[in-house]
Chemist: 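First the structure, then my questions, so here it is.
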Amino acid sequence: MFDLITNFQPRGDQPQAIAKIVKNIEENKKEQVLLGATGTGKTFTMANIIQRTQKPTLILAHNKTLAMQIYQEMQGFFPHNRVEYYVSYFDYYQPEAYKPASDTYIGKKVQRNASIAKMRLKTLNSLVTDASVIVVASVAAIYGCFNPNSYRKVVLHLEKGQSINEEIISSKLIHLGYKEDKKISPGSFQTKKNSISFMIGWEENYYFQINFSDKDEIIRIEKRNKQTGERVREVTKIAIPPSQDYVGEEGEDLKKLLENIAEELTSCKKKLQEEKKFLEAERLEKRIQEDLFNLRETGVCPGIENYSRYFDGRKTGETPFTLLDYFPQGFLTIIDESHITIPQVKAMYNTNRHRLENLIKYGFRLPSALDNRPLNQDEFFQKLNFTLYVSATPGNFELDKVNHQPVEQIIRPTGLLDPQIEVRSSHNQIADIMKEITERSGKGEKVLIYALTIVMSEEIANFLQERNIRVVYLHSRLEIFDRYQAITSLRRGVYDVIVGINLLKEGIDLPEVSLVCILDADKPGFLRDTRSLIQIIGRASRNSSGKVILYADEITTNMLGAIEETNRRRQIQQEYNYQKNIIPQTVQKPIKDINLDHEIATLVEKAQRGEMEDKELVKLIKDLRRKMKRSTREFKFDQAIAFRNALLDLEKLEANL
Ligand SMILES: Nc1ncnc2c1ncn2[C@@H]1O[C@H](COP(=O)(O)OP(=O)(O)OP(=O)(O)O)[C@@H](O)[C@H]1O
């Protein structure tokens with residue numbers, strides 16, 4: 001059962017939006033759109049819909065950071081339920097490719113993020129073991145994954161009284177990806193006389209111990225605390241899931257599978273030879289034979305995903321298995337920021353296919369590699385059941401599905417209005433903006449400036465800085481961590497202005513921002529279409545004196561569309577406030593305190609007092625660097641910033657060594 005825990009009551013437009021959407025789902029309406037203006041509490045609305053419908057839910061977001069934000073919020077709303085996070089586990093991913101024009105082969109290069117890999121495994125496990133699960137995922141959800149039927153089949157079920165010996169269990173654990181080790185850690189196991197202990201791949205605090213009698217019978221299964229080794233409780237049954245996301249075939253099944261790959265190799269090579277592509281034929285033979293050897297000897301090979309069709313038991317062209325297949329019948333999919341997520345989903349398939357086709361044509365891969373692919377758009381939509389598209393500016397694709405009649409959520413719980421918009425001439429725009437900034441900086445209010453290009457944003461920031469304005473620029477070339485720090489610093493009062501391009505658009509809510517300036521609002525193209533303008537305008541809607549200035553020389557149709565829609569929303573909000581006697585209140589959003597944990601803080605202070613040996617200082621710096629990187633990888637940016645600040649201090653000391 002989903003159990004929503006919150007102090008909030010649905011407010012503003014939330015009650016009617018929740019009621020309409022739930023009613024439609026109950027009436028079996030499969031596709032709906034929620035047009036939710038920025039800051040109207042769409043996440044809380046989603047949580048209420050999940051609570052009321054009790055449907056296992058997939059929430060799709062278009063990037064990892066947004067997915068993490070929603071994941072954390074959902075964890076807060078449903079502390080007693082399984083809320084999971086499923087995104088690509090690559091911190092860095094360069095797919096294998098071949099560029100015929102320059103005869104360049106680029107091997108696959110990846111950097112895997114172990115904590116995300118664990119979260120993915122945990123997601124699959126929750127879905128096969130629990131009925132009330134929320135998964136927040138990126139488009140990684142449409143990429144191939146372990147066949148859910150095989151997953152269920154390989155899970156190792158053990159129970160008290162069962163006749164089985166340690167040897168069999170050890171070999172099964174190895175097959176499931178567990179590694180024998182002297183120290184117990186996630187994904188490892190340990191055998192002792194009459195007992196076997198193991199730790200599930202994503203678990204951090206507990207391990208299980210299975211005790212046997214001399215007659216090879218399980219006499220006890222215990223859950224134990226990893227730190228103390230103490231028994232937490234005894235269980236009668238346990239289902240041990242795989243500790244990696246791919247579990248190979250064994251014995252006869254593997255043999256058959258390798259034969260099939262070899263058969264494909266023979267026919268493919270013959271075809272290449274007939275086409276007089278001798279070099280390609282030779283290359284293919286060498287590469288595939290090497291893979292076959294590795295698969296035979298170790299059960300795995302580099303680029304094993306290219307054989308996924310064989311491992312999944314799929315026919316040529318057959319739809320791959322994805323996260324979606326792990327959901328039960330009648331599940332709900334919420335597509336957040338659908339105007340961006342849907343085009344992203346649609347683009348995945350073609351990009352992948354083009355790359356693979358070149359590899360196949362030139363003898364780097366077998367044609368079956370084409371079946372290692374994301375879902376195409378038809379397959380994706382076929383796999384959905386109940387779907388809710390959510391956006392402040394839904395795309396035409398989803399609006400068409402509901403005859404342009406979305407459920408609207410325009411009135412904010414805070415009573416805040418969409419901002420007032422003014423159009424001003426672009427002549428002398430920077431001087432004009434400087435005047436606006438000065439008026440606000442004394443009151444602690446902040447300004448966002450939207451430029452068209454990276455170069456422009458840097459130039460404007462430099463220009464303002466030279467005139468003593470506390471400003472920082474923000475664009476996609478900056479690391480996520482630096483972007484986060486710039487935003488936090490603005491909130492803390494280090495800066496008064498951020499100059500940006502696109503990044504400030506979605507998912508950033510800064511109550512301190514009372515003015516948004518959009519430069520070149522009349523220029524056609526990227527980020528000046530009606531939808532983008534509405535999104536940008538929405539960034540001034542968390543402050544009771546929110547205002548937007550569009551700098552332009554003419555009013556374009558795009559601008560007019562955005563102005564009219566914003567005014568329509570503002571009017572609905574004003575009428576509501578008037579009727580209910582509501583005075584809009586700026587959102588109060590606490591700025592998290594950034595502190596180091598006690599042990600580290602003590603060491604840092606010791607170093608700062610000059611009481612630390614040189615060697616110890618170097619070690620501490622190394623340790624802090626590692627921790628900072630890890631926190632960044634895990635999206636714990638507050639923590640990462642705390643480490644970085646301490647590092648900056650310590651590195652100064654190190655420079656003097
Ligand atoms: N019923 C409620 N009562 C009080 N506060 C609420 C309620 N619902 C949401 N909020 C708060 O309102 C703020 C806006 O919510 P949220 O960020 O989910 O809006 P949003 O619609 O997703 O906005 P955006 O599109 O800008 O991301 C949040 O701080 C949220 O905690």
Side-chain angles (χ1 to χ4, degrees), residues 4-19 21 33-52 59-63 65-78 134 136 334-341 388-395 406-419 448 487 491 500 502-513 516 531-544 546 548 565-566 569 572-573 576-577 580 582-592:
L4 171 61
I5 309 285
T6 175
N7 293 327
F8 292 163
Q9 281 299 320
R11 275 167 51 189
D13 253 350
Q14 287 170 334
Q16 59 83 29
I18 297 164
I21 292 167
V33 174
L34 171 65
L35 185 161
T38 45
T40 52
K42 293 190 278 288
T43 318
F44 185 55
T45 298
M46 293 179 200
N48 276 277
I49 293 166
I50 296 171
Q51 168 70 20
R52 297 264 299 269
I59 304 177
L60 262 192
H62 61 82
N63 68 45
T65 318
L66 276 179
M68 180 50 81
Q69 277 174 14
I70 302 172
Y71 166 66
Q72 287 172 342
E73 279 181 77
M74 284 295 164
Q75 275 187 318
F77 286 136
F78 294 98
I134 299 170
V136 187
I334 300 179
I335 304 185
D336 190 44
E337 304 282 10
S338 57
H339 64 292
I340 299 180
T341 311
L388 175 65
Y389 301 88
V390 177
S391 171
T393 52
V407 174
E408 290 202 341
Q409 182 172 292
I410 303 292
I411 298 156
R412 299 187 172 84
T414 46
L416 284 168
L417 305 176
D418 267 40
L448 302 183
I487 292 164
R491 298 203 61 209
N502 179 21
L503 294 161
L504 310 173
K505 207 159 61 89
E506 266 93 15
I508 291 181
D509 53 358
L510 304 168
E512 296 80 6
V513 171
V516 167
R531 275 194 188 96
S532 301
L533 287 172
I534 295 174
Q535 290 281 354
I536 299 173
I537 289 166
R539 296 304 124 200
S541 60
R542 308 270 169 155
N543 188 295
S544 56
V548 175
E565 177 60 12
T566 306
R569 295 180 188 187
I572 296 173
Q573 294 151 352
Y576 182 82
N577 286 358
K580 304 260 170 171
I582 293 172
I583 298 167
Q585 299 292 327
T586 297
V587 170
Q588 296 300 321
K589 190 175 163 188
I591 308 174
K592 272 192 218 151

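First listed ligand is number 1; within each ligand, the first listed atom is number 1.
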Chemist: Under 4.0 Å from a heavy atom of Thr40: give me the atoms of ligand 1 that qualify, with their elements.
Modeler: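 Those qualifying, in numeric order: 19 (O), 21 (O).
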Chemist: Would you say Pro10 has any N or O atom under 3.5 Å from an N or O of ligand 1, going by distance alone?
Modeler: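 No; every N/O pair is 3.5 Å or more apart.
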Chemist: Return the CD to CD1 distance between Gln535 and Ile340, rounded to the nearest 0.5 Å.
Modeler: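 Here the interatomic distance stands at 6.5 Å.
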Chemist: Decide whether an N or O pair under 3.5 Å exists between Thr38 and ligand 1.
Modeler: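 No, there is no polar N/O contact under 3.5 Å.
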Chemist: Geometry only, no angles: is Thr43 polar-contacting ligand 1 at N/O separations under 3.5 Å?
Modeler: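 There is such a contact, yes.
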Chemist: So between Pro15, Gly41, Gly76, whose heavy atom ends up nearest atom 15 (O) of ligand 1?
Modeler: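 That would be Gly41.
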Chemist: Could you tell me how the ring of Phe8 sits relative to the ring of Phe44: parallel (under 30°), tilted (30 to 60°) or perpendicular (over 60°)?
Modeler: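 Because their plane-to-plane angle is over 60°, the rings of Phe8 and Phe44 count as perpendicular.
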Chemist: Between Arg539 and ligand 1, which part of the residue brings a heavy atom under 4.0 Å of the ligand: side chain, backbone, both or neither?
Modeler: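 The side chain, only.
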Chemist: Which part of Gln535 is near ligand 1, with near meaning a heavy atom under 4.0 Å away: side chain, backbone, both or neither?
Modeler: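 The answer is neither; Gln535 stays 4.0 Å or more away.
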Chemist: Please answer whether the main-chain N or O of Ser544 pairs with a side-chain N or O of Thr586 as donor and acceptor at a distance below 3.5 Å.
Modeler: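 Checking the backbone N and O of Ser544 against the side chain of Thr586, a donor-acceptor pair under 3.5 Å is found.
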Chemist: For ligand 1, which atoms have a heavy atom of Ala37 less than 4.0 angstrom away?
Modeler: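 The list of qualifying atoms is 21 (O).
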Chemist: Mark yes or no for whether Arg531, through its side chain, and Pro394, through its backbone, hold a donor-acceptor pair below 3.5 Å.
Modeler: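 Yes, the answer is positive, given that a donor and an acceptor are paired below the 3.5 Å cut-off.
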Chemist: Do you know the tightest heavy-atom contact between Pro413 and Gly39?
Modeler: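 Scanning both residues, the minimum pair turns out to be CD-O, 3.9 Å.
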Chemist: Quick one: which of Val390, Thr393, Leu66, Asn63 gives a side chain to side chain contact (heavy atoms under 4.5 Å, CB included) with Glu337?
Modeler: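 Going through Val390, Thr393, Leu66, Asn63 one by one, the side chain to side chain contact (heavy atoms under 4.5 Å, CB included) with Glu337 is satisfied by Leu66 alone.
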Chemist: Of all the heavy atoms in Arg412, does at least one lie under 4.0 Å from an atom in ligand 1?
Modeler: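 Not so, Arg412 does not reach ligand 1.
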Chemist: With sequence neighbours left out, what residues match Glu565 under salt bridge (charged side-chain N to carboxylate O under 4.0 Å, His left out)?
Modeler: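 Per chain and number, Glu565 pairs via salt bridge (charged side-chain N to carboxylate O under 4.0 Å, His left out) with Arg568, Arg569.
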Chemist: Supply the atom-to-atom distance Lys42 NZ to Ile49 CD1, rounded to the nearest 0.5 angstrom.
Modeler: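 Rounded to the nearest 0.5 Å, the NZ-CD1 separation comes out at 12.5 Å.
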Chemist: When you compare ligand 1 with Glu337, is there at least one nitrogen or oxygen pair between them that comes in under 3.5 angstrom?
Modeler: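 No.
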Chemist: Do any N/O atoms on Gly39 end up under 3.5 angstrom from N/O atoms on ligand 1?
Modeler: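 Yes.
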Chemist: Heavy atoms only: which of Phe77, Phe44, Phe8 lies closest to atom 10 (N) of ligand 1?
Modeler: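 Among Phe77, Phe44, Phe8, the closest heavy atom to atom 10 (N) of ligand 1 comes from Phe8.
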Chemist: Does the residue Ala392 have a heavy-atom contact with ligand 1, meaning some pair of atoms that are separated by less than 4.0 Å?
Modeler: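 Ala392: no contact with ligand 1 (<4.0 Å).
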Chemist: Counting C-beta onward and ignoring hydrogens, is there a side-chain heavy-atom pair between Ile410 and Tyr576 closer than 4.5 Å?
Modeler: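 Side chain of Ile410 against side chain of Tyr576, heavy atoms only: no contact under 4.5 Å found.
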